[in-house]
Number of protein chains: 2
Amino acid sequence: MESRIERIKKQLHGASYKLTPQREATVMVLLENEADHLSAEDVFLLVKEKAPEIGLATVYRTLELLTELKVVNKINFGDGVARYDLRKEGAARFHHHLICIECGAVDEIQEDLLGEVEKVVEKRFGFTVKDHWLTFHGICKRCKSEGDTKGK
Amino acid sequence: MESRIERIKKQLHGASYKLTPQREATVMVLLENEADHLSAEDVFLLVKEKAPEIGLATVYRTLELLTELKVVNKINFGDGVARYDLRKEGAARFHHHLICIECGAVDEIQEDLLGEVEKVVEKRFGFTVKDHWLTFHGICKRCKSEGDTKGK
DNA sequence: GTTATTGCAAAAACTTTGCATGGGG
DNA sequence: CCCCATGCAAAGTTTTTGCAATAAC
């Protein structure tokens, strides 16, 4: 079975890009931290551990490239920083996010909950949906159970 | 009947802020361009027409203030710029956006289409939803009908 | 060899902050 | 008087760009 990095390499080649060592290190960092939502700076610091000579500009250029290839999505949670989130392979739509306003945790929902909503959008507004971005703000399960413990 | 600006004035006063001429001019610009999604710079340039002496920093400070009071939402569509979008008065949730990948138009859906989805999120993930941000990317009605005209 | 890619440094773009000044009550 | 709010300029952050050096084929 082909590895994830192999398939990304093919995507790069298909678009006439190379998988240089720097690009590979960057992709590896993203794969190893798939649950996180790393900023370019975060990625840079992690990549530096593998490839100390890499420059920040290269990380930016690589992340831009991966965004273009739809390997990652560039997201923005309101702080002034862009973050990069791996797309599930072959997913037609970007996954949803749950942001806890108490503890700041960012969880992901991989399951697509918007099928019916998109049908409504297409019918009622004549808009052909290609992708979506959905984020909920609220209180996560963990913070709620902490509240219980404290008897509040 | 009380005007929108009057009610915003009361909101400011309720939080111990004044509706200064600069703040009023900024709010007026937002009200007059409610359909748009203005950046701080956009707002600044429009406010300057009414109050030429205003500084960019004041516009930023006012927009931050209005965000805090939930009069506007600060949004980010992926270009590196924050944009400010008036909330509907009394709305519990932020409205949805439709971004056309052909022409770049940003339309709004005021109707809340996420009621059922939020129930699922609350039940299945134990997450109490307080607000949401939903944006669709796709082809708007206008671009599709243009396509028809061209016989494509 | 030729072309893509990199690292560095400089620049750009956007936003925030410090501070003296000004205005209202 | 006091204090909030302002304008300006400076500083801060994040991201992009220019360019010579380097690496890949």
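Numbered from 1 within each chain, the chains take letters A, B, ... in sequence-line order.
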For nucleotides 20-25 of chain D, list the nitrogen or oxygen atoms of the protein found under 3.5 Å from its nitrogen or oxygen atoms, one pair per line.
none

So, are K70(A) and D131(A) salt-bridged, with charged N and O less than 4.0 Å apart?
->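 No, this pair does not count.
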With a 4.0 Å cut-off, would you call E6(B) and K9(B) a salt bridge?
->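 Answer for the salt bridge query: no.
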Please identify each residue that fulfils side chain to side chain donor-acceptor pair (under 3.5 Å) with T128(B), with sequence neighbours left out.
->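 So T128(B) forms a side chain to side chain donor-acceptor pair (under 3.5 Å) with K144(A).
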Nearest-angstrom distance from the residue atom CD of E24(A) to P of dA4(C) =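 So the two atoms are 21 Å apart, to the nearest Å.
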Write down the distance between CG (D79(B)) and P (dT16(D)), rounded to a whole number of angstrom.
->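 The answer, rounded to whole Å, is 11 Å.
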Taking atom types as modelled, find out whether [X] and [Y] have a side-chain donor-acceptor pair closer than 3.5 angstrom.
X: D85(B); Y: H97(B); value: yes
X: Y84(A); Y: E64(A); value: no
X: D112(A); Y: H95(A); value: no
X: E108(B); Y: H96(B); value: no

Qualifying residue for salt bridge (charged side-chain N to carboxylate O under 4.0 Å, His left out) with R4(A), from E34(A), E32(A), E24(A) |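 For R4(A), the salt bridge (charged side-chain N to carboxylate O under 4.0 Å, His left out) check succeeds only for E34(A).
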Tell me, which of residues 49-63 of chain A have any heavy atom that sits under 4.0 Å from an atom in DNA chain D?
->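 Hits under 4.0 Å, by residue number: L56(A), A57(A), Y60(A), R61(A).
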